[in-house]
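In what follows, a single structure is set out as structure tokens and then discussed.
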There are 2 protein chains.
Amino acid sequence: MSKQVVPLAVIDLNADAPCCPPLAQRRVPAETAAVLAPAFKALGDPVRLQLMSMIASAEGGEACVCDLTPAFDLTGPTISHHLKTLRQAGLVDAERRGTWVYYRARPGILRQLAALLTVAPADS
Amino acid sequence: MSKQVVPLAVIDLNADAPCCPPLAQRRVPAETAAVLAPAFKALGDPVRLQLMSMIASAEGGEACVCDLTPAFDLTGPTISHHLKTLRQAGLVDAERRGTWVYYRARPGILRQLAALLTVAPADS
DNA sequence: TCTCTGCTTAGACAGACGTCAAGACAGACA
DNA sequence: TGTCTGTCTTGACGTCTGTCTAAGCAGAGA
């Protein structure tokens with residue numbers, strides 16, 4: 001797992017414009033890879049991928065933990081742990097309002113990742 | 001790490017057309033998540049992200065292991081291990097020609113992943 | 001056939017990850 | 001204020017991952 005999350009902020013993960021050219025267009029520099037790989041890693045678990053999707057596709061753009069937890073055969077702490085991983089990867093934001101905690105997706109970084117994976121329309 | 005790679009082939013990772021609507025549009029079903037998460041996981045390491053980029057952006061669409069290995073401060077077997085991971089995730093293909101082994105990216109699955117991460121242009 | 005080069009596989013080890021149980025904390029309501 | 005509900009944090013345990021060294025396998029050339 002080559003070390004741990006690098007807290008580099010050289011790349012603005014919240015910017016709307018893609019930070020980097022597509023992966024297939026130019027070689028990704030080591031610094032960029034170190035920043036973006038943790039985000040891919042966070043999406044590399046089926047539970048987190050579904051959580052991310054549930055949050056991003058939720059009405060109003062945010063989802064309550066109380067809605068997320070029952071959707072899985074996992075305990076509350078485990079879901080909380082996965083949500084923390086998504087938060088640390090910069091993929092979601094959390095906010096407590098009263099009893100419940102609400103999670104909201106950060107579209108900026110999703111755009112960065114999508115842009116990086118973009119491939120020319122016809123060359124398969 | 002929630003078990004191991006699921007060998008499901010319900011989703012055609014080589015199809016050119018996206019298999020699934022964007023993650024932020026509709027909730028990703030468990031089966032889809034189980035198939036696509038390993039691909040994200042494979043990209044979740046800085047070394048593999050760079051390898052993938054070097055292969056996908058190489059002239060002629062393919063890269064020789066002999067060109068990839070010297071680009072990292074890692075031993076040959078370690079690079080070979082990472083390439084195997086990318087291969088098992090369906091992200092690249094390998095072919096031996098004479099003495100050297102060449103790796104080629106599979107644009108289909110990259111398109112699937114990019115499509116899944118696609119976000120509406122303006123909602124951040 | 002023999003030897004050399006290049007890549008993969010096998011085995012081992014340290015560290016990270018996924019999961020759970022138990023406890024702590026924050027807010028709502030009587 | 002006291003209690004209840006709901007969520008997060010902490011600690012522990014088993015498994016997986018990333019890396020290395022050593023060994024094995026496949027072609028090329030003498």
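Naming convention: chains lettered A, B, ... in sequence-line order (proteins, then strands); numbering from 1 in each chain.
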Any side-chain N or O of A:Lys41 below 4.0 angstrom from OP1/OP2 of C:dC17?
yes

I need the CD-C1' distance between B:Gln88 and C:dT8, as an integer number of Å.
12 Å

May I ask you to say whether B:Asp93 pairs ionically with B:Arg106, meaning some side-chain N is under 4.0 Å from a carboxylate O?
yes

How long is the line joining CG of A:Leu74 and P of D:dT7, in whole Å?
15 Å

Quick one: is C:dG27 close enough that its OP1 or OP2 comes under 4.0 Å of any side-chain N or O from A:Trp100?
no

Under 4.0 Å from OP1 or OP2 of C:dT8: is there any side-chain N or O of B:Ser80 that close?
yes

Measure CG/A:Leu83 against P/C:dC17 and give the value in whole Å, please.
17 Å

Starting at atom CG of B:Asp45, determine the distance to atom P of C:dC17, rounded to an integer number of angstrom.
11 Å

As an exercise, state the distance from CD1 of A:Ile79 to OG1 of A:Thr69, rounded to the nearest 0.5 Å.
5.5 Å

Scan side-chain atoms only and decide if A:Arg87 and A:Tyr103 contain a donor-acceptor pair under the 3.5 Å cut-off.
yes

Electrostatic pair B:Lys41:A:Asp45 at N-O distance under 4.0 angstrom:
no

Rounded to the nearest 0.5 Å, what separates atom CG in B:Leu74 from atom NE2 in B:His81?
10.5 Å

Under 4.0 Å from OP1 or OP2 of D:dC8: is there any side-chain N or O of A:Tyr103 that close?
yes

How many Å lie between OH on B:Tyr102 and P on C:dC7, as a whole number?
9 Å

May I have the distance from B:Arg48 (atom CZ) to D:dT19 (atom C1'), rounded to whole angstrom?
12 Å

Distance below 4.0 Å between A:His82 side-chain N/O and C:dT19 OP1 or OP2:
yes

Between A:Thr75 and B:Pro77, name the one whose nearest nucleotide on DNA chain C is closer to the 5' end.
B:Pro77

If you look at every strand shown and take non-hydrogen atoms under 4.0 Å, does B:Ile79 touch a base, only sugar-phosphate, or nothing?
nothing

Could you give the CG-to-C1' distance, from A:Asp67 to D:dG6, as a whole number of Å?
13 Å

Looking only at side-chain atoms of B:Cys64, point me to the closest of D:dT7, C:dC7, D:dT9.
C:dC7

When we call it a touch if two heavy atoms are under 4.0 Å apart, what does A:Gly76 touch: a base, just sugar-phosphate, or nothing?
nothing

How many Å lie between CG on A:Leu51 and P on C:dT19, as a whole number?
10 Å

Between C:dC20, C:dT9, C:dG27, which nucleotide has the shortest distance from any of its atoms to the side chain of B:Arg87?
C:dT9

Shortest side-chain distance from B:Arg96, nucleotide among C:dG6, C:dT8, C:dT19:
C:dG6

Compare all side-chain heavy atoms of B:Thr85 with those of B:Arg48 and state whether any distance is below 4.5 angstrom.
yes

Short side-chain N/O contact from B:Thr99 to OP1 or OP2 of C:dG6, under 4.0 Å
no

Picking from D:dT21, D:dT9, D:dT7, which would you name as closest to the side chain of A:Lys84?
D:dT9

